[in-house]
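Data block below; observations after.
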Amino acid sequence: MSDTSPTNPLRAGMRMQRTPEPCTVVIFGATGDLTHRKLVPALYNLQRERLLPPGFSVVGFARRDWSDDFFRDSLLKDAKEFSRSGIDPNLWGSFAEGMSYIQASFDDPAGYAALAVRLRELDEQRGASGNRLFYLSTPPESYATIIQQLGAAGLARSPGNGWTRIIIEKPFGRDLTSARALNAEVHNVFDEQQVYRIDHYLGKETVQNILVFRFANGIFEPLWDRRYVDHVQITVAETVGLEGRGGYYEHAGAMRDMVQNHLMQLLTLTAMEPPIGYRADAVRDEKVKVLRAIRPMPPEQVDQHTVRGQYGPGTVAGQAVPGYREEPGVAADSMTETYVALRFFIDNWRWAGVPFLLRTGKRLPKRVSEIAIQFRSAPLMLFDDGPLSDIEPNVLAMQVQPDEGITLRFDSKVPGQANQIRPVTMDFRYNAAFGVESPEAYERLLLDAMLGDSTLFTRSDEVEASWSLITPIHQGWAQDAPPPFPNYEAGTWGPKAADMLLGKEWRSWRRL
Amino acid sequence: MTNILTATPLGAPTPIDARSIERELNALWQETTDNKSPDQRHQVSRTRVLNLIVVTRSAAAAERATEVAAKLTLRHPHRAIVVNALPQDPGDSLEAWVQAHCLLPIHGRPRVCGEQITIVARGPAVERVPNTLLPLLVPDVPVMLWWMAGAPFDDLRFAKFGDLIDRVVVDSATFDAPETTLAKMAALTAQGTRISDLSWSRLTPWRELAAQFFDAPAQVPHLYELTSVTVDYEAQVAPGDRSQALLLVGWLAARLGWQVAAPLTSDRGNSTVQLKRTDGSLVQVTLRPAPMQDDALDRLAMLTLTSPQATFSVARDPAPDCAMTRAEVAGMSPLERRVRLEQLDEAGLLSEELRLLGQDITYAGAVRMAAALLGATE
């Protein structure tokens, strides 16, 4: 142990988590919903768990004319409602002391000059040592402006030995061109190591558990390839409709809103090779390799590999609900897709010929996200005279939400004289084995960003590789004849046409 | 909610019949499941991630153990085997019965149930308990022993459990003479016994808060230049039980490589001990009794670390479950903040301990130094 070692000797071997160095979080768009409902409650809970450093501060930056006090009061009001642990007024008081607000429009250099002054004061008064985390919680149109202004104000680099990092919310671009343009803007000002592109799906415990399940166990990985796997189904189903997001969703659609980010994350984590270490770049290198190995769809073949849907009126949970085109903020002849099913092939040694079937949609019967590995059938029917298809193939399903768990389906003999066979499941429920309440995704991600761990964030090449698969699909759709929207009833599992993606008569979409 | 199904007296000289107990547990689970409406039925899950053997010395303690086991179900679904050992009681009998703890379902979650076997051993039958337990353990998951019957060191029955268990949990704050057991605890950990002391677990938030001052690299040098450490501990009479304060100082000393220079002395209630840093300079450690605030077993009041350029302190706050931390560093304005310092109950502490499977090396180092501070070893 050297006397000059900068590491904290009291942390060694301790049963508690590492906490970040003193720092300041600057939230752009601090008056918005995300800040009030997610970010600040997440930060408060981190503070409550003693995971935030002394001298931790929050600076809100937004257009509205709010005072420091109004900002704190407004955050407190929502934190009371949205914090998973409630609010202890004694702790909140101390937490709120470190909060302040800067009123400025995002393109006003004076606002950034004021921010620079505030940050210097915090460095001196609260010992933040020049450590800063910028959080872009604004509409995506403002990202480029804020990044340019931060650069112009000299805020992209920290004084002394401090660090400066920036978290960028989704959506990151709306196609390959805009994503590349935004990456170029970001890299004009920040190094890639400073950039944390957030996809809150990666903050979920069960998503992280995919890698633990695959790579901390010895028995699954040998089966995880084309020799044993028939196909993979990834489902992210929502029961909700638009929830007032009509204006945004009309221009996004299910492909941009869900597939490009969440489903592609689940796909890459499921299909990636073992990384050489659990480190940010090692993990992300493998994810990018999967994306690059996915067979691109030429626009003229898109209709063979994708199915779009849009819900009409129907019933969800016993309630009559309107169709998509009747939702507020939606055009009466809208052609926006609220459902997508698609088939990808990953052209590498592990997965050649194995279809990856993805589907997501709004107003489906059940809220469920899962990854199902469908194994090949037994090679021949040994029992009785029934056809082989009487035996259900084995399925390993990883449920991501809401009932996080892992289920293995296998066949078993029905008790009795005959060799009757029926599938049974072996269930592992995450919250039955670990009753502890999981932290919110944003807690984990904010903490990781403060600690400088970017494993659970998207790298620039990853986001571009993902768009380079999605953009040709949009181009193909634009060339095709418009589908007969609405083509599924709210409260059903989407358009029947999705069955054609299965490719083989024995395959079917999972009944969830 | 505890659902006691049956009591099965098992007769003195006959061995406990593990199969009949398993059958009863299965029946109990069946009943737990059958009582539900059809759509809830699949939601009762029988998961057991560990065996928890609890040894008590009275019916009241056995009841408390049952309550704690029920609370633990949510975080660590387990099979609890509560052994109420009454060697002084007349007779020679082993009685056992099974029960299930089901937690009221939390919205959107499956109902979680735990199972418990309670054994009452009277007279000489107490000696037969360890072997009786063997067939009752759930296979392939860890076996934890929570020894609620005071200090276990001189108890031969404790030694008999040795090969059976993966980890033993004690609470030295409830021992008759906690300070004198520090050396015995140190000896046990040195032999490789995996021990959890709940008294040590109570220090976790204190250690976290102390460590946090030094997460900023700029503050680390102050840690190597500490000249004094003061711990205020709550005591009924001076000097009272200083074991928690000694463990906390023991931890700092072990982490920072300090050695005892002059052993502990007491003067007007205050205890002092001199330690030597790795660079040869001295650190003055003072343990000061403070008035009792409550009868909670968490007995620390304040920790102060001083170096020539800085003072860091953590102090219990009048606001419930809170502490104030304060850092005064030369050239910077003092920084104070209120943080959570929860007082965990037995279930909460145990729940933290049951997460650990391996040897707690940090504890081993801390308890060894704590004993050394008393001059008990080295």
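Chain letters run A, B, ... following the sequence lines, proteins first, then strands; residues in each count from 1.
- Within the 4.5 angstrom heavy-atom criterion, no atom of A:D427 approaches chain B.
- If you measure heavy-atom distances from A:P89 to chain B, you find no contacts under 4.5 Å at all.
- Both the backbone and the side chain of A:Q125 come within contact range of chain B, with heavy atoms under 4.5 Å apart.
- Side-chain contact between B:Y224 and A:P9 is present, with heavy atoms from C-beta onward closer than 4.5 Å.
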Item to complete: Using the side-chain contact (heavy atoms from CB on, under 4.5 Å) rule, take A:L10 and B:R207 through it: C-alpha gap first, then chi angles, then the decisive distance, then the call.
Response: CA-CA 8 Å; A:L10 301 186; B:R207 294 191 298 126; over 6 Å; no
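- Within the 4.5 Å cutoff, the side chain of A:R48 has no heavy atoms near those of the B:E342 side chain.
- Remark: B:D215 CG to A:L451 CG distance equals 9.0 Å, nearest 0.5 Å.
- Of all the heavy atoms in B:A211 and A:N8, the pair that sits closest is O-ND2, 2.8 Å.
- Residues of residues 316-341 of chain B lying within less than 4.5 angstrom of chain A, judged on heavy atoms, are B:A319, B:P320, B:C322, B:M332, B:S333, B:L335, B:E336, B:R337, B:R338, B:V339, B:R340, B:L341 in numerical order.
- Looking at A:T19, both its backbone and its side chain come within 4.5 Å of chain B, counting heavy atoms on both sides.
- Within the 4.5 angstrom heavy-atom criterion, only backbone atoms of A:P53 (N, CA, C, O) approach chain B.
- Atom CG of A:D68 has more than 12 heavy atoms from other residues, nucleotides or ligands within 6.0 Å.
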